[in-house]
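Every number for a ligand or one of its atoms is a count from 1 in the order of the listing. No hydrogens, no waters, no symmetry mates; every other heavy atom, side chains included, goes into these values. For clarity, every value in this text was computed on a predicted model and none was experimentally measured.
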Amino acid sequence: MVAYISKNFSLGLIVILSLFVVSSYARLSMMVTKGEIDAICTKKGVNSTLCFEVLKPTPEISTLDISGLAKFVINYENQKVSDTQMHVTLFAVIFKSINASKELCSAYQKCAYLYKDVSNSLDSSLKALAAKDYIALNVGVGASITKTNTCGHYLSTTKQMIPKDNQSIAEDLLMENTVIKDLFDIILVTLKRLEKKKY
Ligand SMILES: *[C@@H]1O[C@H](CO)[C@@H](O)[C@H](O)[C@H]1NC(C)=O
Ligand SMILES: *[C@@H]1O[C@H](CO)[C@@H](O)[C@H](O)[C@H]1NC(C)=O
């Protein structure tokens with residue numbers, strides 16, 4: 001009787017242990033591997049320096065699956081866009097206060113609105129990602145890239161209107177604009193790999 005119980009007990013234990021091993025293996029196999037990040041960051045058109053910097057193997061990143069990785073990059077992008085939006089808004093106010101040209105003030109004001117739109121769109125992207133609505137995701141990202149490019153156009157065409165010795169303001173903002181564009185490339189590639197895996 002004791003032998004019977006103990007035999008059943010160990011069988012049960014083995015079943016439970018196997019389930020545990022199988023489920024943690026399944027979890028592991030969903031996680032993003034180093035190979036996956038290499039594939040994203042070395043894709044043509046991706047700024048690999050920036051990509052490896054953003055997706056450096058931190059404890060947080062190593063627990064993510066590819067959908068989690070997409071979410072991570074979208075959040076990272078949203079932070080950058082919000083920061084840049086704040087900088088552009090600040091300079092729009094400053095230019096207005098020093099009576100800079102109407103065209104310069106208006107360009108910065110429009111740029112601030114565009115970044116605000118991009119930031120809102122990234123919020124929607126997170127919802128689309130959660131709903132696995134890849135069409136809405138790609139359309140939203142496409143529109144955001146256009147708005148980011150338009151902003152870059154405003155910044156570069158009004159650079160000469162900035163009071164002397166301060167034109168580096170435009171250069172710095174254009175650099176931030178480039179990082180935002182580069183991050184969108186990383187988002188697009190990540191989404192493409194996500195769609196291929198059909199998670
Ligand atoms: C890639 O991104 C880094 C960091 O933003 C930047 O310094 C570098 O100039 C970029 N490289 C290219 C080729 O655009
Ligand atoms: C800007 O213009 C306003 C109204 O014309 C004037 O009162 C103000 O002193 C000007 N500010 C500067 C910094 O020139």
Q: Give the numbers and elements of all ligand 2 atoms closer than 4.0 Å to a heavy atom of Asn99.
A: 1 (C), 2 (O), 3 (C), 8 (C), 10 (C), 11 (N), 12 (C), 14 (O)
(Q) I need the minimum non-hydrogen distance between Gln85 and Ala112, along with the two atoms involved. (A) CG-O, 3.5 Å
Q: For residues Asn177 and Cys151, report the shortest heavy-atom separation together with the two atoms involved.
A: ND2-CB, 4.0 Å
**Q.** Contact summary for Leu174 and Gly152, nearest pair of heavy atoms
**A.** CD2-O, 3.5 Å
**Q.** Side-chain ion pair, Lys181 and Asp185, N-O less than 4.0 Å
**A.** no
Q | Closer than 4.0 Å: a protein non-hydrogen atom to atom 4 (C) of ligand 2 | A | no
Q | Pairs satisfying ring pair (Phe, Tyr, Trp, His ring centres under 6.0 Å), at least one member in residues 34-81, at least two apart | A | none
Q: Quick one: look up the protein heavy atom nearest atom 9 (O) of ligand 1 and list residue, atom name and how far away it is.
A: Asn47 ND2, 4.8 Å
Q: Please indicate whether any nitrogen or oxygen in Glu53 is less than 3.5 Å from any nitrogen or oxygen in ligand 1.
A: no
Q | Considering all heavy atoms, the nearest Leu126-Lys71 contact | A | CD2-CG, 3.7 Å
Q) Are any of the protein's heavy atoms under 4.0 angstrom from atom 13 (C) of ligand 1, yes or no? A) no
Q: Can you sort out which atoms of ligand 1 are near Val179, meaning under 4.0 Å from one of its heavy atoms?
A: 5 (O)
Q. Does the protein put any heavy atom within less than 4.0 Å of atom 7 (O) of ligand 1?
A. no
